[in-house]
Amino acid sequence: AVLAPSRLPGRDVLHRAADYLVNRGAAERAIPLYLELRDPTCAGRALASEADRLVDLGQWDSLGDWLARLPDGTLGVEPRLLHNQAELAAARGRVKDAERGFSAAASMFAARSDPDRACGSMLAESVLAARRKDLAHAQVRALAASALATCSPTAKASCQGRRPLVAQRP
């Protein structure tokens, strides 16, 4: 049965439904709804909380499609989205885009006092620079991550125990 246009739920009802989905752990269902409602802020926030899990599950196409539908302003507010976008760029062979994304994410993570994630972005950028034989840049970024980790016990543990996703590829 198809609902008559007058019986379709309104924007507020649909937005509350998307909020409900996020609160119940179904962000992957809420993100497309937020995008349809043209609410990139809520879509970006939901995607930022879900992106690492999507990568872990191999749902790169969904992540890439949703990231592509977000305006640059939304991506620039959430460093996790920039980092994930950079991972996708690296996986697709767009190394310069990936390096710029990791660099921007690292700066934003550091500005937000999130040394764990800043180290991860710096190390990913370092790996890409090393792969393209720019050893000076690779060393600078690795040393910056090391210096940051030295200042932060949680970042030190994080940087020592985590291999950036780009480091796992040949």
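- Counting only heavy atoms from C-beta outward, the side chains of Val140 and Leu143 never approach each other to under 4.5 Å.
- In terms of heavy-atom proximity, Leu21 sits nearest to Ala30 at CB-CB, 3.9 Å.
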Using the side chain to side chain contact (heavy atoms under 4.5 Å, CB included) rule, take Arg131 and Val95 through it: C-alpha gap first, then chi angles, then the decisive distance, then the call.
-> CA-CA 10 Å; Arg131 281 200 186 144; Val95 177; over 6 Å; no
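- Linking Ile, Leu, Val, Met, Phe, Trp and Tyr whenever their side-chain heavy atoms come within less than 4.5 Å puts Leu81 and Val55 in one cluster.
- Using a 4.5 Å cut-off on side-chain heavy atoms (C-beta onward), Glu78 and Arg45 make no contact.
- Listed here is the closest heavy atom pair of Ala106 and Arg141: CB-NH2, 3.7 Å.
- With values rounded to the nearest 0.5 angstrom, Leu54 atom CG is found 6.5 Å from Ile31 atom CD1.
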Stepwise salt bridge (Lys or Arg N to Asp or Glu O under 4.0 Å) check, Arg92 with Asp61 = CA-CA 11 Å; Arg92 293 175 176 155; Asp61 289 336; 3.8 Å; yes
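- Counting heavy atoms from C-beta on, the side chains of Arg100 and Glu125 never come closer than 4.5 Å.
- Closest non-hydrogen pair, Asn84 versus Ala51, comes out as OD1-CB, 3.1 Å.
- Here the straight-line distance linking atom CG of Leu135 with atom OG of Ser126 works out to 9.5 Å at 0.5 Å rounding.
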Could you check Gln85 against Leu88 for side chain to side chain contact (heavy atoms under 4.5 Å, CB included), going step by step and ending with a plain yes or no?
-> CA-CA 5 Å; Gln85 187 179 49; Leu88 292 175; 5.7 Å; no
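- In this structure, the side chains of Pro115 and Phe109 stay at 4.5 Å or more apart for every pair of heavy atoms.
- Here Asn23 contributes atom CG and Arg16 contributes atom CZ; the two are 13.5 Å apart, rounded to the nearest 0.5 Å.
- Here OH of Tyr20 is found 14.0 Å from CG of Leu33. Values are rounded to the nearest 0.5 Å.
- Closest approach of His83 and Ala105 over heavy atoms only: N-CB, 3.8 Å.
- Taking every heavy atom of both residues into account, Pro71 and Pro40 meet most closely at CD-CB, 3.5 Å.
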Test log, rule side chain to side chain contact (heavy atoms under 4.5 Å, CB included), inputs Tyr34 and Leu70 | CA-CA 11 Å; Tyr34 284 134; Leu70 292 175; over 6 Å; no
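- With a 4.5 Å cut-off on side-chain heavy atoms, Met122 and Phe102 do not count as touching.
- Considering CG of Asp97 and CG of Leu128, their distance stands at 11.0 Å, rounded to 0.5 Å.
- Atom CZ of Arg38 has 12 or fewer neighbouring heavy atoms from other residues, nucleotides or ligands inside a 6.0 Å radius.
- Dense packing is recorded around CZ of Arg69, with more than 12 heavy atoms of other residues, nucleotides or ligands lying under 6.0 Å away.
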Test salt bridge (Lys or Arg N to Asp or Glu O under 4.0 Å) applied to Arg53 and Asp56, step by step | CA-CA 5 Å; Arg53 191 176 77 81; Asp56 291 345; over 6 Å; no
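- A distance-only check finds no donor-acceptor pair linking the side chain of Ser62 to the backbone of Gln59 [under 3.5 Å].
- Considering CE of Met108 and CG of Leu75, their distance stands at 9.5 Å, rounded to 0.5 Å.
- Taking each heavy atom of Leu148 and Ala118 in turn, the nearest pair found is CD2-CB, 3.5 Å.
- Val77 and Leu63 sit in two unconnected hydrophobic clusters of ILVMFWY residues. Membership requires side-chain heavy atoms under 4.5 Å apart, directly or through other members.
- Using a 4.5 Å cut-off on side-chain heavy atoms (C-beta onward), Pro79 and Arg112 make contact.
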